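The structure presented is a predicted model; accordingly, all values stated were derived computationally and were not measured.
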Amino acid sequence: MAVGESKSRSTEKLPGFPALKAAAVQLWPGILICGLAAIAAQFLSTHYGAPAMLLALLLGLALRSATVGAERVAEGIDFSSRTMLRLGVGLLGARVSLDAITAMGLDAVWLVIASILMMVAVSFALARVLGRGWRLAVLTGGSVSICGASAAIAIAAILPRNEHSDRNLSFTVFSVTLLSTIAMIAYPIIGKALELDTHDMALFLGGTIHDVAQVVGAGFSVSDPVGEGSTTIKLLRVSMLAPFVMVLSLTLALTGIARQGESAGRPTIVPWFVVMFAAFVALASLGIIPQLLQTALWNISSWLLLVAIVGVGLKTDLKGLLDMPSKAAALIVIQTLLLAGFVLLWIMIDPIG
């Protein structure tokens, strides 16, 4: 066999390698910028206590002027804000175990389901009254009722895109993170003033605060049992992300709403990252994923979402974000207050008994 023929056959075994190499060359500058900004955000968060997600968004917004029109980094930034975003959401499922959730009791499950349904209905009504669009209503309502910035990221990934999509996502991430930080301080004080016991305090904190990190901070500031219980309730809310996105995606497909800015053709009814999320939940619930691997996957997910949020910030026009109507801020503040009121009312009435 000739040497040339041998080389030719060995190359044919990897037909996709040149394309992968070309893609990597095209993507790495943008991904590097997002990654370095994410590391800076985590460093600042660790040393100064500010939410890493909020810092990542702000760094992305600050760096935007240096990257606008730079074709060399554009594709990598787009990859970070889309593909890495979806992958990060998919890996979130590795942290959710049905055993831990059911240990909290059926009242917690019904509370979470009822609060999500309430928030969806109220969000559409509020958006109509305040003159806001349905996309923002779904985005803010889902992020407030489920899991803050992570939910906003997942929901934005399947909503039909328009010229305001990146701005709305940045606004929602910024708002829910800021409100979560305020709630982390205020809600334990409110719970103590109402003399909530350990179980009810866990329900209140885990059922109302938007982001996982702030739930952990608020819960363990009260006591270890409250911290563990509130974190479990929060993970129950996180587990609702997959069915919520699945139902939303199915609704968009059945109503024939076109996905602007995406590839033409039939819309995906179940996005791949939702399937990935559900698969990891199942594996974690069956005990197939070891604890060490669960922790590793959760950390990888957190980093991917942090990098993705930098990418979202880099794609968001800061002027447009600052020009966001005050009614949009009113929408998400009212949603947050209504969720807190609903959960407290549920605890007081105890409809499940």
Side-chain angles (χ1 to χ4, degrees), residues 51 53 88-123 138-155 172-173 175-177 179-181 183-184 187 191 199-220 226-248 273-274 277-278 280-281 284-285 298 301-302 305 332 335-347 352:
M53 199 74 79
V89 171
L91 289 175
L92 277 175
R95 183 70 181 270
V96 182
S97 170
L98 295 181
D99 290 338
I101 290 169
T102 53
M104 287 300 296
L106 280 177
D107 59 334
V109 176
W110 286 117
L111 169 60
V112 169
I113 294 173
S115 63
I116 293 173
L117 293 176
M118 179 278 297
M119 188 54 62
V120 169
V122 168
S123 296
V138 173
L139 192 61
T140 55
S143 62
V144 165
S145 61
I146 302 175
C147 54
S150 300
I153 290 168
I155 294 167
T172 304
V173 170
S175 300
V176 294
T177 307
L179 290 170
S180 286
T181 305
M184 179 179 66
Y187 285 8
H199 179 267
D200 289 345
M201 181 71 89
L203 280 178
F204 176 51
L205 299 180
T208 56
I209 300 177
H210 307 323
D211 286 319
V212 176
Q214 280 80 353
V215 170
V216 173
F220 282 99
V226 170
E228 292 167 2
S230 59
T231 302
T232 302
I233 296 296
K234 183 60 191 177
L235 291 178
L236 171 58
R237 291 169 66 193
V238 173
S239 72
M240 294 293 110
L241 181 59
F244 183 91
V245 172
M246 199 175 298
V247 170
L248 176 60
F273 63 90
V274 175
F277 182 100
F280 273 115
V281 171
S285 300
W298 179 263
S301 172
S302 299
L305 292 178
I332 199 164
Q335 288 169 329
T336 298
L337 294 175
L338 283 174
L339 178 63
F342 180 85
V343 172
L344 281 174
L345 183 62
W346 182 284
I347 290 171
I352 304 300

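Closest approach of V176 to A149, counting heavy atoms only: CG2-N, 3.7 Å. In terms of heavy atoms, V245 sits closest to A154 at CG2-CB, 4.2 Å. Across all non-hydrogen atoms, the minimal contact from A340 to Y187 is CB-OH, 3.6 Å. Residues S301 and G88 share a closest heavy-atom pair of OG-O, 2.6 Å. Minimum interatomic distance between G206 and V215 (heavy atoms only, all atoms of both residues): CA-CG1, 4.1 Å. Across A218 and I209, no two heavy atoms sit closer than the pair CB-CD1, 3.6 Å.
Put simply, the side chain of R237 gets close to the backbone of S145: a donor and an acceptor are under 3.5 Å apart. K234 places no side-chain N or O within donor-acceptor distance of the main-chain N or O of G229, the cut-off being under 3.5 Å. Panel note: side chain S180, backbone D211; a donor-acceptor pair is recorded below 3.5 Å. Within the 3.5 Å criterion, the main-chain N or O of T172 finds no donor-acceptor partner in the side chain of S175.
Atom CE of M53 sits about 5.0 Å away from atom CG of L305, to the nearest 0.5 Å. With values rounded to the nearest 0.5 angstrom, I155 atom CD1 is found 8.0 Å from C147 atom SG. Within the model, atoms CG of L337 and CD1 of I332 stand 11.0 Å from one another, a figure rounded to the nearest 0.5 Å. The CZ atom of F342 sits 14.5 Å away from the CD atom of Q335 when rounded to the nearest 0.5 Å. With values rounded to the nearest 0.5 angstrom, W346 atom CH2 is found 10.5 Å from M118 atom CE. Note that CD of E228 is 7.5 Å distant from OG1 of T232, once rounded to the nearest 0.5 Å.
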#### Entry: Check against side-chain hydrogen bond (donor to acceptor under 3.5 Å, both in side chains), H210 and S143
CA-CA 7 Å; H210 307 323; S143 62; over 6 Å; no

### Task
Start with the C-alpha gap between W298 and L91, add the side-chain angles, then the distance that decides, and say whether side-chain contact (heavy atoms from CB on, under 4.5 Å) holds.
CA-CA 7 Å; W298 179 263; L91 289 175; over 6 Å; no

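T208 meets the side-chain hydrogen bond (donor to acceptor under 3.5 Å, both in side chains) test with no other residue; sequence neighbours excluded. Take T177 and apply the side-chain hydrogen bond (donor to acceptor under 3.5 Å, both in side chains) test, not counting sequence neighbours, and it matches no residue. Annotation: side-chain hydrogen bond (donor to acceptor under 3.5 Å, both in side chains) contacts of S150 (sequence neighbours excluded): none.
Side-chain atoms of F220 and T231, non-hydrogen and from C-beta on, do get closer than 4.5 Å to each other. Annotation: side chain of V238 is not in contact with side chain of I146 (no heavy-atom distance under 4.5 Å). Residues V120 and F244 have side chains in contact (heavy-atom distance under 4.5 Å, counting atoms from C-beta outward).
Among L236, I233, V343, I116, the single residue meeting the side-chain contact (heavy atoms from CB on, under 4.5 Å) criterion with L111 is V343.
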